[in-house]
Protein chains: 2
Amino acid sequence: MAGSLKELSELSGYSMNTVSRALRDEDDVKPETKAAIRNLAQQMGYTPNRVAKSLRLGKTNTIGVVSADSANPFFAEVIIGIEDAARSRNHHMLLVNTEEDPARELEAIEVLLGRQVDGLLLIPVCGERNNSEYLKTLSIPFELIGRWLPGLEEHSVLTDEYEKANEITSLFAKNGHRDILHLSGPTFVSGSLDRLRGYRDALEEAGIPFRDNLVVMTDGHAEDGYHKTYEAIQSELNFTAIFSFNDLVAVGALRALKECGYRVPKDVEVIGFDDLDYSRFLHLSLSSVRIPKQQLGRVAFEELYEHMRDKSKTYGRRTLESRIMFRETTLFD
Amino acid sequence: MAGSLKELSELSGYSMNTVSRALRDEDDVKPETKAAIRNLAQQMGYTPNRVAKSLRLGKTNTIGVVSADSANPFFAEVIIGIEDAARSRNHHMLLVNTEEDPARELEAIEVLLGRQVDGLLLIPVCGERNNSEYLKTLSIPFELIGRWLPGLEEHSVLTDEYEKANEITSLFAKNGHRDILHLSGPTFVSGSLDRLRGYRDALEEAGIPFRDNLVVMTDGHAEDGYHKTYEAIQSELNFTAIFSFNDLVAVGALRALKECGYRVPKDVEVIGFDDLDYSRFLHLSLSSVRIPKQQLGRVAFEELYEHMRDKSKTYGRRTLESRIMFRETTLFD
DNA sequence: TGCCATAATATTAACGTTAATATACAGCCA
DNA sequence: TGGCTGTATATTAACGTTAATATTATGGCA
């Protein structure tokens, strides 16, 4: 099926080099020769061996994508954006998952380096134990997506999470809410911090005292959003609005609110973050912050690509704009 | 950073071969020699070049994964299963998307072959124009996941979709429903046919005449589920139950029903398919068919792996069992 | 002592490319 | 006629591995 230049060379009578150049459509091969060789190649279904090419050229046209949590529809969409951009630049993607485990992340990077990827795109693990020091020693270009690591801020492609979290909370405050529950994300995610900070700062700006117990940490998934909200209600924590770390958690929260007899948005207003595809179609169309997920992936790839082309280019943070979508789980607009 | 055997050889004074054998922990290298070489390797941060290894061995330890639609959370989960299984077998995954386009699929396969993947896992495009004939000519092992192609049935890992569709429809019929709307999937997906067939056969078994207009085709996404259901209601199509192709479509349908003032499950019962993670947490917890998505990916990889190890092994269809989850959008259980 | 087996290491070639360099043969001009 | 230019092709080496084969030293045994 595959064949090789050598084989083509023997069959055609031309040297391997000429065959190679003919197939790559280089200049100094006579047109008739080219045609003959290409015909032959087609006839025997020759496919060039990209592994050999990679070895020879020291370039694989492959990037490594290390995702911390691709079960999350958010990152799934980011990855689609990456794939899309990579394809249009004739690159491919080796995808590895880490499940938020720094050791697995480290291993993933190492093995991808062994596979000679030309660059690395990471949704990095951000906890206490992270690989930022190791990342700093990397000799190939890399970008972090949707998260940042201390000391590597310039390597990130982010969105304006702080600003939007702040804006949302301010709006709640302006509309009279004083007890705003924040279902925060896991501490090991940098976005949790940004969103929490936005929330906290907005409270302060509004002159509302920050209360610890109104911040409830979740793992970022629906199940936990449900449980934590349920518990919050049971513990008679009073709140009239929920700012949720993401849509998944918000969906869980909505469910808990319903079970406990709260009407949304009348009794409790709810807003999510990320704006997943289906959030709009929920029983109550979910208000959320629309993050351009695919674009995040695309921009990250393009950024990486620039650095792969010019290794000396300096890194600079990119921040994409998101947009608050007011729907049925909130009153204001 | 990387270095090479040659470099290690020069620095250590041993031949490249000895260095290679030492690092691979082969038998006939003196323990002290091994230790010395490995120390040195560690010291200079040597990482073996897997591209060179692949070329030499004619084996990349890489599989190609061709997904028709990874925006779909269903396939996203399947891919997690693949990745998981692959990793535990020391394999990696080149992921390519086709967006249900047969031409892109063909191109993807060709380029993956050029990259010398050891096997191929596909969520294939199934329409009129599909690549089944081309697939038949492939010289590397491949498996199709969650879909089948005529003439390649033995290459598929599937679930009992027909049976479950039949069971669901029968249950609806048994519970007195005579006007059961089927929001079917796109015709280019083999699962649409299986689910439709299950629906149709169950009606026949129940002595209910099949009516064309009670089958409404959707593209498999929430948006379309919403629109098609909305239209169905507007066109005064009477129905008391909905059997939806998948959960996404069901979510859209639920939304439309709500907007039109129908109460679920009292006025209309609804059941989905796939059982996506969050379906359980909807305002009305969605009844659905739980397909073991990650397992689907894992089994597919394992099946592929067997064939990569033993090229002469004959192919055989695998069918995984799914399970109907009765929740709040249906009355029976 | 001489031979053989064994252990440890070295040499060589190959995987399929591509780049650098070399060769062969025109045609052209002085 | 001799040398020069340019076109078309060929040869060689290299990328970093590993497998097959070769070499060397060592010890045991008759």
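The analysis underlying the following values was restricted to heavy atoms, covering all of them including side chains, and did not include hydrogens, waters or symmetry mates. The shown structure was predicted, so the numbers you read here are calculated from the model rather than taken from an experiment. In what follows, every chain begins at residue 1, and chains take the letters A, B, ... in the order their sequences are listed.
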Which residues pass the side-chain hydrogen bond (donor to acceptor under 3.5 Å, both in side chains) test with [X], sequence neighbours left out?
X	value
B:Arg50	none
A:Ser190	none
B:Asp219	none

Pairing residues for [X] by the salt bridge (charged side-chain N to carboxylate O under 4.0 Å, His left out) criterion, not counting sequence neighbours:
X	answer
B:Glu303	B:Arg318
A:Asp84	A:Arg87, A:Arg298
B:Arg24	B:Glu26
B:Lys136	B:Glu133

Roughly, in whole Å, what's the span from [atom1] in [X] to [atom2] in [N]?
X	N	atom1	atom2	result
B:Leu55	C:dC15	CG	P	9 Å
A:Leu5	C:dA19	CG	P	12 Å
B:Lys59	C:dG16	NZ	P	17 Å
A:Asp25	D:dA8	CG	P	14 Å
A:Lys34	D:dA8	NZ	P	10 Å
A:Asp27	D:dG6	CG	P	15 Å
B:Leu57	D:dG16	CG	P	17 Å
B:Glu26	D:dA20	CD	C1'	13 Å

If you pin A:Ala52 and A:Arg24 to their nearest nucleotides in DNA chain C, which one's is more 5'?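 In this pair, the answer is A:Ala52.
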Would you mind checking if A:Arg147 and A:Glu100 are paired as a salt bridge, meaning a charged N to carboxylate O distance below 4.0 Å?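 Yes, A:Glu100 and A:Arg147 are salt-bridged.
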Before accepting this row, confirm whether a basic side-chain N of the pair B:Arg309/B:Glu306 lies closer than 4.0 Å to the acidic partner's carboxylate O.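 Result for this pair is yes, salt bridge flagged.
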Using a 4.0 Å cut-off on protein heavy atoms (strictly under), produce a 5'-to-3' string for nucleotides 9-14 of chain C with B for base contact, S for backbone-only sugar-phosphate contact, and - for none. BBB-BB
Polar pairs (N or O, both sides) under 3.5 Å between protein and nucleotides 21-23 of chain C?
none

For B:Tyr305, what residues pass the ring pair (Phe, Tyr, Trp, His ring centres under 6.0 Å) criterion, not counting sequence neighbours?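 B:Tyr305 satisfies ring pair (Phe, Tyr, Trp, His ring centres under 6.0 Å) with B:His91, B:Phe301 only.
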Check the interface with nucleotides 24-26 of chain D: list each N/O to N/O pair with the protein under 3.5 Å, or write none.
none

Identify whether any heavy atom of B:Ser20 sits under 4.0 Å from a base atom; if not, whether one sits that close to sugar-phosphate; answer base, sugar-phosphate or nothing.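 Base, at least one base atom sits under 4.0 Å.
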With B:Ser156 via side chain to side chain contact (heavy atoms under 4.5 Å, CB included) - residues at least two apart: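 Applying side chain to side chain contact (heavy atoms under 4.5 Å, CB included) to B:Ser156 gives B:Leu144, B:Trp148, B:Leu158.
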Which nucleotide in the set C:dT17, C:dG16, D:dT17 lies at the smallest distance from any side-chain heavy atom of B:Tyr46?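 It is D:dT17.
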